[in-house]
Amino acid sequence: MDGEFDYLIVGSGSAGSVLAERLAAAGKRVLVLEAGGSDRRLFVQMPLGYGKLFFDHRVNWGYRTEPDAGLNGQSDYWPRGKLLGGSSSINAMVWIRGHASDYADWQQATGRADWGWQAALQAYRQIEDSADGADMWRGQGGPLHIRSGKTHAHRLVEPFLQACEAAGLARNDDFNGAQQEGVGTYQLTIKNGRRNSVARAFLRPALKTGRVALRKHAHVTRVLLDGRRAVGVEYRWKGGFHRAQAGEVILAGGAINTPQLLMLSGIGPGTMLAEQGIETVLDQPNVGAHLNDHQGINYSYRMTVPTMNNLLRPWWGKAWAGMQYLLTGGGPLAVSINHAGGFFKTDPALERPNMQLYFQAFSTLMPREDERPILTPDAFPGLSIGLSNCRPTSRGHLALASPDPLAAPRIHGNVLSTAQDVDEMLKAVKLIRRIAAQAPFSSLIAEELRPGPAIRDDDALIDDFRQRSGTVFHPSCTARMGRDPSNSVVDPDLRVHGIDGLRICDASAFPTLIGGNTNAPAILIGWLGAQRILATG
Ligand SMILES: Cc1cc2nc3c(=O)[nH]c(=O)nc-3n(C[C@H](O)[C@H](O)[C@H](O)COP(=O)(O)OP(=O)(O)OC[C@H]3O[C@@H](n4cnc5c(N)ncnc54)[C@H](O)[C@@H]3O)c2cc1C
């Protein structure tokens with residue numbers, strides 16, 4: 001592309017778009033190469049269109065993991081956004097920063113207060129435009145609109161929250177506020193009934209400055225290196241290979257693609273690179289290692305009262321909801337799949353919550369080809385209560401399946417592979433049943449459908465979650481940040497250890513997995529990362 005660029009960013013996802021906007025705001029010239037295409041699609045903009053994007057390979061990398069012993073030998077499906085806005089354009093829009101102590105962990109891993117809780121809190125308050133208004137925890141007037149979950153809550157949310165209280169969980173009005181623990185409604189990245197992705201909140205405003213150039217459908221295939229200095233990238237565009245150069249290259253391709261790109265460029269575990277016939281530039285065993293992700297499971301119930309199933313299943317209900325959405329921007333299609341939830345401890349002695357709870361006022365037991373059937377739920381009234389772990393101790397890793405840059409890498413999830421992860425999951429699923437047993441909520445439940453009343457003892461419950469659980473889409477830490485090159489890939493200024501002119505800024509660089517959903521911390525790493533890059537450029 002024409003022009004001289006200070007920075008070349010690979011990927012326009014949660015971190016990449018924020019980084020582009022921040023660098024441009026500081027007067028820098030930025031080139032963004034994005035493998036996917038436009039986000040101007042109805043099902044991207046419409047919040048409940050989420051289900052339609054889940055398997056759509058036009059906007060989704062649609063990875064599959066290797067068969068996993070932790071899942072009784074099954075492989076899991078791992079969607080990742082492949083379009084402007086990256087995974088923020090296909091995600092479930094829940095806005096959770098994580099626990100304050102997660103950022104203390106980041107500070108400890110990096111040895112730097114710039115990644116600690118006070119720095120994160122200050123940045124989040126600048127990033128946010130909270131519909132609930134500003135206070136000492138929340139920000140207002142920032143680029144990213146955060147809608148309150150309270151105003152659009154489904155009528156079954158309140159009975160569910162009362163059941164949680166009866167089961168011993170406290171109410172919490174703001175999981176991003178003074179404390180994370182408790183139950184309530186989720187804040188969402190939705191603005192005026194439309195998904196508020198980073199493409200909308202950051203990339204488009206950045207493009208308007210004239211300092212950011214964007215090339216869509218540009219799949220970066222390797223980093224160009226002069227010895228141990230990055231000088232640009234090679235990318236595939238319109239059937240041919242092209243090259244682009246900039247003062248610095250910043251990888252923001254996400255937790256799967258960024259380590260893959262490093263490996264394709266000769267930066268990774270030497271033995272594995274040799275097996276693929278790739279010349280090693282830097283033998284770095286931490287590339288693709290430390291893969292950490294949240295694992296979740298749903299319990300599903302047939303109800304005695306109408307749920308969203310009754311609304312969205314019949315054709316006339318869909319037509320009504322569609323009309324309502326198109327005419328007013330509201331109604332059932334303008335909400336997230338997750339209506340409520342919260343955070344709890346499986347053991348009161350724990351210092352911080354280790355489980356996250358989700359409530360969905362519909363059920364989707366019937367499999368449908370190529371769609372997560374949210375827009376066509378079950379034909380009877382149903383709902384789902386789900387949960388996921390916050391800081392699993394199991395670790396997976398990534399490897400190249402082939403030197404072909406367009407081939408998917410091998411993902412070894414290795415989930416539920418420690419006794420601790422299995423034990424806390426077992427305690428957690430028992431709490432779901434305790435919640436469902438609380439009156440008067442219990443009187444609204446006709447029967448438990450999954451796993452069903454026959455699954456009772458510990459072995460059966462464990463086998464059930466090995467059989468039915470899956471990722472909740474938060475892979476992280478595969479090119480993690482740290483002080484020591486022997487156990488990390490980038491330094492606290494996001495520079496790849498041992499390589500000049502190359503940085504990483506996305507969820508792969510998280511030092512540790514955050515206890516909560518990962519869009520907010522990925523946006524944070526873009527925001528704070530820009531500060532580190534500008535300070536050390
Ligand atoms: C289905 C789903 C639901 C989720 N729900 C939530 C939620 O409700 N709340 C929440 O907080 N988090 C959620 N997440 C997680 C969250 O969205 C991600 O953690 C976050 O967006 C990751 O940001 P990132 O910048 O690391 O990568 P991404 O946002 O994935 O961005 C990476 C970008 O790089 C591009 N790219 C990759 N490789 C190349 C290449 N070689 N050349 C050019 N471009 C490339 C990709 O196409 C993509 O646009 C969800 C994720 C998914 C997939």
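We count ligands from 1, going down the list as the structure has it; atoms in each ligand are counted the same way. FYI, side chains are in, hydrogens and waters are out, and symmetry mates aren't considered; it's all heavy atoms of this structure.
The single protein non-hydrogen atom nearest to atom 31 (O) of ligand 1 is G13 CA, 3.2 Å, given as residue, atom name and distance. Closest to atom 20 (C) of ligand 1, if we only count protein heavy atoms, is S14 OG, 3.5 Å.
A donor-acceptor pair shorter than 3.5 Å cannot be found between the side chains of T471 and D76. Inspection of the N257 and Y63 side chains reveals an N or O donor paired with an N or O acceptor under 3.5 Å. Side-chain atoms of N519 and S14 form a donor-acceptor pair, as typed in the model, at a separation below 3.5 Å. Donor-acceptor pairing under 3.5 Å is recorded for the side chains of D506 and S508.
If you look at S476 next to ligand 1, there are no close heavy atoms at all, none under 4.0 Å.
Proximity of T221 to ligand 1 is not established, as no heavy-atom distance is less than 4.0 Å. Proximity of P521 to ligand 1 is not established, as no heavy-atom distance is less than 4.0 Å. Distances from ligand 1 to the non-hydrogen atoms of W61 include at least one value under 4.0 Å.
Annotation: side chain of K216 is in contact with side chain of L84 (closest heavy-atom distance under 4.5 Å). Using a 4.5 Å heavy-atom threshold, the side chains of H339 and M308 count as touching.
Between N257 and ligand 1, at least one N/O pair is under 3.5 Å apart. Looking at V94 next to ligand 1, an N or O pair under 3.5 Å apart turns up. Checked by distance only, ligand 1 and E34 come closer than 3.5 Å through their nitrogen or oxygen atoms. Geometrically, ligand 1 and N519 share a nitrogen or oxygen pair separated by less than 3.5 Å. Residue A507 places at least one N or O, backbone or side chain, under 3.5 Å from an N or O of ligand 1. Residue M93 places at least one N or O, backbone or side chain, under 3.5 Å from an N or O of ligand 1. At a 3.5 angstrom cut-off on N or O pairs, I90 does not count as close to ligand 1.
Ring geometry for Y77 versus F54: interplanar angle of 30 to 60°, hence tilted. The aromatic rings of W61 and H219 sit perpendicular to each other, their planes meeting at more than 60°, with 30° as the lower class boundary. Taking the six-membered ring for Trp and thresholds of 30 and 60 degrees, Y186 and Y358 have ring planes inclined between 30 and 60 degrees apart.
Against a heavy-atom cut-off of under 4.0 Å, P79 is close to the following atoms of ligand 1: 1 (C), 53 (C). For ligand 1, the atoms closer than 4.0 angstrom to any heavy atom of G253 are 32 (C), 34 (O), 36 (N), 37 (C). Remark: ligand 1 atoms within the under-4.0 Å shell around heavy atoms of H219 are 41 (N), 42 (N). Shown in contact with G254 at under 4.0 Å from a heavy atom are these atoms of ligand 1, numbered in order with element: 26 (O), 27 (O), 32 (C). Contact atoms of ligand 1 toward A15: 25 (O) (distance under 4.0 Å to a heavy atom of the residue). Near A252, the atoms of ligand 1 lying under 4.0 angstrom from a non-hydrogen atom of the residue are 32 (C), 33 (C), 34 (O). Atoms of ligand 1 found under 4.0 Å from any heavy atom of G86, numbered from 1 in the order shown, are 29 (O), 31 (O), 48 (C), 49 (O). Heavy-atom contacts of R80 reach the following atoms of ligand 1: 18 (C), 19 (O), 53 (C) (cutoff under 4.0 Å).
Checking V220, T518, I96 against atom 41 (N) of ligand 1, the nearest heavy atom belongs to V220. Here the shortest heavy-atom distance to atom 6 (C) of ligand 1, taken over I337, L33, N91, belongs to N91. Closest to atom 52 (C) of ligand 1 by heavy atom, among W95, F473, Y50, is F473. The heavy atom nearest to atom 48 (C) of ligand 1, considering only A199, A255, G81, is found in G81. With A92, G85, G526, S88 as candidates, the residue nearest to atom 5 (N) of ligand 1 on a non-hydrogen basis is A92.
Counting non-hydrogen atoms of neighbouring residues, nucleotides and ligands closer than 6.0 angstrom, the CD atom of Q122 reaches no more than 12 such neighbours.
For the pairing with E128, the side chain to side chain donor-acceptor pair (under 3.5 Å) check across Q140, H145, R97 returns one residue only, R97. When each of R200, K82, R194, R204 is checked for a salt bridge (charged side-chain N to carboxylate O under 4.0 Å, His left out) with D39, only R204 meets the rule.
For the pair R468 and Y299, the cation sits on the ring face: its NZ or CZ lies under 6.0 Å from the ring centre, inside 45° of the axis.
A donor-acceptor contact shorter than 3.5 Å is absent between the side chain of N338 and the backbone of A340.
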